[in-house]
Amino acid sequence: MWIKPWTIKEGFLIGGGIITVGLILELCVGPVVWEAFAWPVNGIVLAGFLAVIAMMFLLRKKVYAFRFISTYKAAIPTLVYAVVLTIIMGLTRQENHGTWLKGMLTFWPFVLIYVYMAMILGLVILRRIIHCQLSIVSLKKDVPFLLNHLGLFLAMTTATLGNADVQRLRMITVAGEPERRALTQEGIVREMPLSIELKKFIMETYDDGSPKRFASEIQIMTTSGKNIHTTVDVNKPVEVEGWKIYQYDYDTQMGTMSQVSILELVSDPWLPFVYTGIYMMLGGAVCMFVLGGRKRI
């Protein structure tokens, strides 16, 4: 053990060590507090993370551990750990303020394994870029690989760090009264950069009286001077200046005569980067399919 060259056994030991460190952190400091990584902290952390990956890549010839991390012998055990933890998350009921297995997104072992996996991914990408050759045969292999791996890296890092900047607020609107205040999940009142006035609550029912569709006809006024008249349905949000507005609830006692509509306002400024990563992965998959299909022909 630990005799060079290292094998998958060492890879599993490193992953197990990371999980152990995570458990110690969980016991000592509690779960990860993502709110502490809100902008600009998450931007600084991302820049620092990229710098660490670049430094490890530059020192890979001098430090054997850095060179090992960019191999499949490190990647496969890490992927196994990540998959197992993800399956546990799927089988365990997750709570907003849950701890340990009930709050996997803030569980240190889960977070650290995914950070380690992103680090491996970053080193693999840099190694592939360095060895790229400007030839047709090489580009056919390198372009799909880089699109898939860069897309995954971008989606993972931005989705994780961007989670601190996600805002989910509830606004209670009353017909004929513009509302600018919204409530956080903790019940804190926030002054919004826009006001919403409920013009009309719309509800369609089945023959037995149960709700078939409910929506709100609203007027949105922003601080920048926009005046928007639109309708918000349950699964058809309206997007205004970085906020997505969803139909959430209504006065169930009044039913079709409700004069109250509860809206959910969601802001996720990092979401475009996550989508970019997903589109890159889709592009890589299409390239693999097209190039692979041509080769078989």
Side-chain angles (χ1 to χ4, degrees), residues 11 14-15 18-19 21-22 32 34 37-60 63 65-87 89 104-133 138-166 268-289 291:
I14 293 173
I18 290 172
I19 289 178
V21 171
V32 179
W34 285 115
F37 290 88
W39 182 263
V41 175
N42 45 16
I44 296 171
V45 170
L46 179 58
F49 184 60
L50 295 175
V52 168
I53 292 174
M55 181 196 69
M56 292 173 67
F57 182 75
L58 293 173
L59 295 175
R60 69 193 186 283
V63 182
F66 295 166
R67 187 159 68 253
F68 174 77
I69 289 175
S70 64
T71 67
Y72 75 91
K73 296 173 184 178
I76 291 176
T78 306
L79 186 59
V80 170
Y81 284 122
V83 169
V84 170
L85 289 171
T86 303
I87 291 174
M89 180 176 68
M104 291 292 281
L105 293 178
T106 60
F107 187 45
W108 276 104
F110 182 85
V111 173
L112 291 182
I113 278 293
Y114 270 88
V115 169
Y116 181 52
M117 188 163 65
M119 185 176 292
I120 293 173
L121 196 58
L123 289 170
V124 169
I125 291 168
L126 288 176
R127 188 178 67 178
R128 191 60 173 256
I129 291 174
I130 292 297
H131 290 90
C132 278
Q133 297 178 2
S138 178
L139 290 176
K140 284 182 178 180
K141 296 179 181 179
D142 293 333
V143 170
F145 180 92
L146 290 174
L147 281 174
N148 283 322
H149 287 72
L150 275 170
L152 179 58
F153 181 83
L154 182 62
M156 282 180 58
T157 53
T158 55
T160 302
L161 290 172
N163 184 60
D165 292 327
V166 176
D268 189 352
W270 291 67
L271 193 59
F273 299 104
V274 179
Y275 282 150
T276 299
I278 293 172
Y279 292 143
M280 288 174 69
M281 287 188 284
L282 290 174
V286 170
C287 287
M288 291 177 65
F289 176 78
L291 296 176

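For the numbers below, each heavy atom of this structure counts, side chains included, while hydrogens, waters and symmetry mates do not.
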Take Leu146 and Met280 through the test side-chain contact (heavy atoms from CB on, under 4.5 Å) and record every step on the way to the result.
CA-CA 9 Å; Leu146 290 174; Met280 288 174 69; over 6 Å; no

Before giving the answer on ring-ring contact (aromatic ring centres under 6.0 Å, His included), spell out for His149 and Phe153 the whole-Å C-alpha distance, their side-chain angles and the decisive distance to 0.1 Å.
CA-CA 6 Å; His149 287 72; Phe153 181 83; over 10 Å; no

Testing the basics here: between Ala38 and Ala164, what is the closest heavy-atom pair and its distance to 0.1 Å?
N-CB, 3.6 Å

Taking C-beta and beyond as the side chain, do Met119 and Phe49 meet within less than 4.5 Å on heavy atoms?
yes

Check whether any side-chain heavy atom of Ile53 lies under 4.5 Å from a side-chain heavy atom of Leu123, and answer yes or no.
yes

Rounded to the nearest 0.5 Å, how far does CG of Leu154 lie from CD1 of Ile125?
9.5 Å

Could you tell me which non-hydrogen atom of Met104 sits nearest to which non-hydrogen atom of Phe110, and how far apart they are?
O-CD2, 3.2 Å

Which value, rounded to the nearest 0.5 Å, describes the distance between Trp39 atom CH2 and Ile44 atom CD1?
8.0 Å

Got Val274 and Ile278 here, is their nearest side-chain heavy-atom distance under 4.5 Å?
yes

State, yes or no, whether a side-chain contact exists between Met281 and Leu147 at a heavy-atom distance under 4.5 Å.
no

Write down the atom of Gly11, the atom of Phe68, and the distance for their closest heavy-atom approach.
N-CZ, 3.9 Å

CG on Asn163 to OG1 on Thr158, rounded to 0.5 Å:
11.0 Å

How close do Pro269 and Pro272 get, heavy atom to heavy atom, and via which atoms?
O-CD, 3.4 Å

Look at the aromatic rings of Phe37 and Trp34 and report parallel, tilted or perpendicular, splitting at 30° and 60°.
tilted

Using every non-hydrogen atom in the two residues, find where Gly284 and Pro144 come nearest and quote the distance to one decimal.
O-CB, 3.8 Å

Would a 4.5 Å heavy-atom cut-off, applied to side chains only, mark Thr78 and Ile120 as touching?
yes

For Asn42 and Leu161, indicate whether the former's side chain and the latter's backbone hold a donor-acceptor pair under 3.5 Å.
yes

Flag, side chain of Thr160 to backbone of Thr157, donor-acceptor distance under 3.5 Å:
no

With a cut-off of under 6.0 Å to the ring centre and 45° to the axis, is Arg127 in cation-pi contact with Phe57?
no

Evaluate side-chain contact (heavy atoms from CB on, under 4.5 Å) for Met117 paired with Leu121, printing each intermediate quantity in order.
CA-CA 6 Å; Met117 188 163 65; Leu121 196 58; 5.7 Å; no

Leu46 and Trp270: side-chain contact (heavy atoms from CB on, under 4.5 Å), yes or no, with the steps?
CA-CA 12 Å; Leu46 179 58; Trp270 291 67; 4.1 Å; yes

Are Tyr114 and Thr86 close enough that a side-chain donor and a side-chain acceptor fall under 3.5 Å?
yes

Mind running side-chain contact (heavy atoms from CB on, under 4.5 Å) on Met89 and Leu105 for me, showing each step along the way?
CA-CA 9 Å; Met89 180 176 68; Leu105 293 178; 4.2 Å; yes

Quick check on Phe273: does its CZ atom have over 12 non-hydrogen neighbours (other residues, nucleotides or ligands) under 6.0 Å away?
no

Rounded to the nearest 0.5 Å, how far does CZ of Arg60 lie from CE of Met55?
13.5 Å

If the condition is ring-ring contact (aromatic ring centres under 6.0 Å, His included), which residues does Phe66 pass it with, not counting sequence neighbours?
none

